[in-house]
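Residue numbers start from 1 in every chain, and the chains themselves are labelled A, B, ... in the order their sequence lines are given, proteins ahead of strands. The shown structure was predicted, so the numbers you read here are calculated from the model rather than taken from an experiment.
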Amino acid sequence: MAHWLMKSEPETFSYEDLVRDGKTVWDGVRNNQAALYLKAMKVGDEAFFYHSQKGLEVVGIARVVREAFLDPSDPAGRFVAVEVAPVRALKQPVTLAQMKADPKLADMKMFKQFRLSVCPVEPAEWKAILAMAGET
DNA sequence: GCCAACGTTGGC
DNA sequence: GCCAACGTTGGC
């Protein structure tokens, strides 16, 4: 099972919104690299839900409930979307500053290509971030 | 097919 | 609000 990190601006769509809605279509991705990651997602894969712009922290975990399909918001039909549902909020959010300060996370994809709205998380990175959130 | 201009994202 | 990163577009 693969792990991911998905970014969302909380003022547009926050983790609380996801919990309220029960699930959401993760669309609007207009980047080829991010689209490749979306296509690689399998039902059951878990993803950290990260708040960009405001908050700058991982606040919860989401689960893929529907694999890549044509993005209904893309009239050209070039890009795909997935559907995700909330799993649980982290006990303690993990901030970007915390992640940057941890040498174990120095190679994270999200630092290499910080503009991507979706990026993979290695198993060791996943565990390290969970530990930082006070979960084991 | 190259490359400059432009647009978007997101941290600071 | 600024700026760096970087993908995309369009003229040649």
Side-chain angles (χ1 to χ4, degrees):
Chain A
M1 186 174 76
H3 292 110
W4 310 91
L5 183 143
M6 310 175 99
K7 296 181 182 179
S8 183
E9 296 179 34
E11 293 191 337
T12 305
F13 190 83
S14 69
Y15 188 73
E16 290 72 30
D17 292 330
L18 178 62
V19 170
R20 186 197 59 214
D21 294 352
K23 67 176 180 180
T24 194
V25 173
W26 198 274
D27 61 4
V29 171
R30 294 292 181 271
N31 176 285
N32 284 310
Q33 186 60 57
L36 286 177
Y37 292 143
L38 286 183
K39 286 177 187 168
M41 289 184 184
K42 300 289 181 215
V43 166
D45 280 1
E46 290 185 329
F48 284 130
F49 195 103
Y50 174 80
H51 281 172
S52 63
Q53 314 275 24
K54 283 269 195 94
L56 307 185
E57 57 192 10
V58 174
V59 292
I61 298 174
R63 190 170 57 89
V64 177
V65 294
R66 184 178 172 195
E67 289 168 23
F69 56 97
L70 274 184
D71 185 340
S73 74
D74 176 19
R78 293 174 58 204
F79 293 102
V80 294
V82 296
E83 217 166 61
V84 296
V87 175
R88 66 178 186 276
L90 294 182
K91 274 188 205 160
Q92 290 179 298
V94 178
T95 66
L96 179 67
Q98 281 178 279
M99 292 190 278
K100 278 188 168 176
D102 191 331
K104 287 197 294 294
L105 303 178
D107 288 333
M108 278 191 78
K109 287 281 195 313
M110 75 171 294
F111 300 144
K112 299 270 162 75
Q113 273 188 291
F114 68 88
R115 292 174 320 101
L116 282 186
S117 51
V118 178
C119 61
V121 176
E122 297 301 318
E125 296 165 350
W126 182 267
K127 286 178 70 175
I129 292 171
L130 279 183
M132 291 162 90
E135 315 207 357
T136 42

S.K.: I'd like to check the side chain to side chain contact (heavy atoms under 4.5 Å, CB included) partners of A:A34; sequence neighbours left out, ordered by chain and number.
M.R.: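 So A:A34 forms a side chain to side chain contact (heavy atoms under 4.5 Å, CB included) with A:V29, A:N31, A:L116, A:S117.
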S.K.: Collect all protein-nucleotide pairs involving nucleotides 1-3 of chain C in which both atoms are nitrogen or oxygen and the distance is under 3.5 Å.
M.R.:
none

S.K.: How would you label the contact of A:F111 with the nucleic acid (heavy atoms, under 4.0 Å): base, sugar-phosphate, or nothing?
M.R.: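 Nothing, no nucleic acid heavy atom in range.
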S.K.: So, OP1 or OP2 of B:dC12: does either fall under 4.0 Å of a side-chain N or O from A:K100?
M.R.: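 Checking A:K100 against B:dC12: at least one side-chain N or O falls below 4.0 Å of OP1 or OP2.
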S.K.: Tell me every residue that passes salt bridge (Lys or Arg N to Asp or Glu O under 4.0 Å) with A:K100, counting only those two or more places apart in sequence or in another chain.
M.R.: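 Checked A:K100 against salt bridge (Lys or Arg N to Asp or Glu O under 4.0 Å); zero matches.
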S.K.: Among all residues two or more places apart in sequence or in another chain, which pass the salt bridge (Lys or Arg N to Asp or Glu O under 4.0 Å) test with A:R88?
M.R.: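 Partners of A:R88 under the salt bridge (Lys or Arg N to Asp or Glu O under 4.0 Å) test: A:E135.
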S.K.: Just to confirm, is there a sub-4.0 Å distance from OP1 or OP2 of B:dT9 to any side-chain nitrogen or oxygen of A:Y50?
M.R.: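 It does not, given that no N or O in the side chain of A:Y50 lies less than 4.0 Å from OP1 or OP2 of B:dT9.
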S.K.: Sequence neighbours excluded and cut-off under 3.5 Å, please list the side-chain donor-acceptor pairs for residues 47-66 of chain A, or say none.
M.R.:
residue	atom	partner	partner atom	Å
A:H51	NE2	A:Y15	N	3.0
A:Q53	NE2	A:E9	OE2	3.4
A:K54	NZ	A:E11	OE2	2.7

S.K.: Sequence neighbours excluded and cut-off under 3.5 Å, please list the side-chain donor-acceptor pairs for residues 104-112 of chain A, or say none.
M.R.:
none

S.K.: Do any of residues 26-34 of chain A sit with a heavy atom less than 4.0 Å from DNA chain B, and if so which?
M.R.: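 Close to the strand, none.
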S.K.: Which pairs, with at least one residue in residues 67-82 of chain A and sequence neighbours excluded, count as a side chain to side chain donor-acceptor pair (under 3.5 Å)?
M.R.: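 Sorted pair list: A:R30-A:D71, A:R30-A:S73, A:D71-A:S73.
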S.K.: Determine the contact category for A:K54: base if any of its heavy atoms lies under 4.0 Å from a base atom, sugar-phosphate if only primed atoms, P, OP1 or OP2 are that close, otherwise nothing.
M.R.: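 Contact class for A:K54: none.
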S.K.: Can you list the residues that meet the side-chain hydrogen bond (donor to acceptor under 3.5 Å, both in side chains) rule with A:W4, with sequence neighbours excluded?
M.R.: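 A:D45.
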